[in-house]
Amino acid sequence: MVPRDAKISRHPKVVHRELSDGEGAVLLNLESGAYYGVNEVGAVIWSLLDGTRTLAEVVDELRGRLQDVPDALDADVQAFLSDLQQRNLIVLQG
């Protein structure tokens with residue numbers, strides 16, 4: 001589980017490639033060679049993981065960018081980031 005106050009950054013050994021407009025992105029862990037596909041919202045979240053934002057700040061920023069915000073946004077972002085953490089795609093600080 002990703003703590004709400006931990007700053008989150010992309011793992012330095014992960015590269016990403018944006019797909020066609022609205023198609024999301026693909027993440028590649030250079031250490032394991034594993035690919036991980038994300039949808040458009042996942043790609044936006046990935047772009048926000050610059051090491052300066054916490055989980056709460058990512059959710060707030062995402063809430064401002066989405067037109068139809070799901071009720072479970074906090075839980076959905078938490079689950080997505082926990083999955084990225086388990087796959088060693090992000091780094092938590094603090």
Side-chain angles (χ1 to χ4, degrees):
M1 187 153 171
V2 175
R4 288 191 59 78
D5 60 346
K7 296 201 184 279
I8 309 162
S9 61
R10 298 173 216 120
H11 192 289
K13 296 285 185 172
V14 175
V15 295
H16 79 285
R17 171 78 62 194
E18 296 286 327
L19 301 176
S20 301
D21 228 11
E23 295 294 320
V26 176
L27 312 177
L28 170 62
N29 184 321
L30 297 174
E31 290 179 332
S32 69
Y35 283 93
Y36 185 69
V38 297
N39 64 17
E40 185 177 3
V41 174
V44 172
I45 294 170
W46 182 257
S47 74
L48 297 172
L49 304 180
D50 59 5
T52 66
R53 292 180 180 91
T54 63
L55 168 61
E57 292 168 329
V58 168
V59 170
D60 288 344
E61 180 70 26
L62 192 58
R63 188 171 270 119
R65 293 184 184 204
L66 296 176
Q67 290 182 351
D68 296 319
V69 179
D71 293 337
L73 182 65
D74 288 341
D76 291 347
V77 173
Q78 173 67 258
F80 177 72
L81 292 176
S82 292
D83 190 40
L84 293 182
Q85 182 183 23
Q86 289 177 346
R87 295 172 187 269
N88 201 30
L89 298 172
I90 60 174
V91 177
L92 305 180
Q93 304 152 11

Leu27 and its side-chain contact (heavy atoms from CB on, under 4.5 Å) partner, picked from His11, Arg10, His16 | His16
Spatial distance of atom CD (Gln93) from atom OG1 (Thr54) [nearest 0.5 Å] | 11.5 Å
If you take all heavy atoms of Leu48 and Arg53, which pair is closest and at what distance?
-> O-NH1, 3.1 Å
Rounded to the nearest 0.5 Å, what separation is found between the CG atom of Asp74 and the CZ atom of Arg63?
-> 5.0 Å
From Glu40 atom CD to Ile45 atom CD1, the distance as rounded to the nearest 0.5 Å | 11.5 Å
To the nearest 0.5 Å, what is the distance between CZ (Arg65) and CG (Asp60)?
-> 12.5 Å
To the nearest 0.5 Å, how far apart are CG in Leu19 and CG in Asn39?
-> 10.5 Å
For residues Gln78 and Ser82, is any side-chain donor paired with an opposing acceptor at under 3.5 Å?
-> yes
Tell me, with the steps shown, if Phe80 and Val58 meet side-chain contact (heavy atoms from CB on, under 4.5 Å).
-> CA-CA 12 Å; Phe80 177 72; Val58 168; over 6 Å; no
Nearest-0.5 Å distance, CD1 of residue Ile8 to CD of residue Gln85 | 9.0 Å
Could you walk me through whether Asp83 and Tyr36 pass side-chain contact (heavy atoms from CB on, under 4.5 Å), step by step?
-> CA-CA 10 Å; Asp83 190 40; Tyr36 185 69; 2.3 Å; yes
State whether the side chain of Lys7 and the backbone N or O of Gly51 hold a donor-acceptor pair below 3.5 Å, judged by distance alone.
-> no
Step-by-step side-chain contact (heavy atoms from CB on, under 4.5 Å) determination, Leu73 to Leu66 = CA-CA 10 Å; Leu73 182 65; Leu66 296 176; 4.1 Å; yes
Would you say Val77 and Leu92 are hydrophobically clustered, going by side-chain heavy atoms of ILVMFWY under 4.5 Å?
-> yes
Side-chain heavy atoms under 4.5 angstrom apart, residues restricted to Ile, Leu, Val, Met, Phe, Trp, Tyr: same cluster for Leu28 and Leu89?
-> no
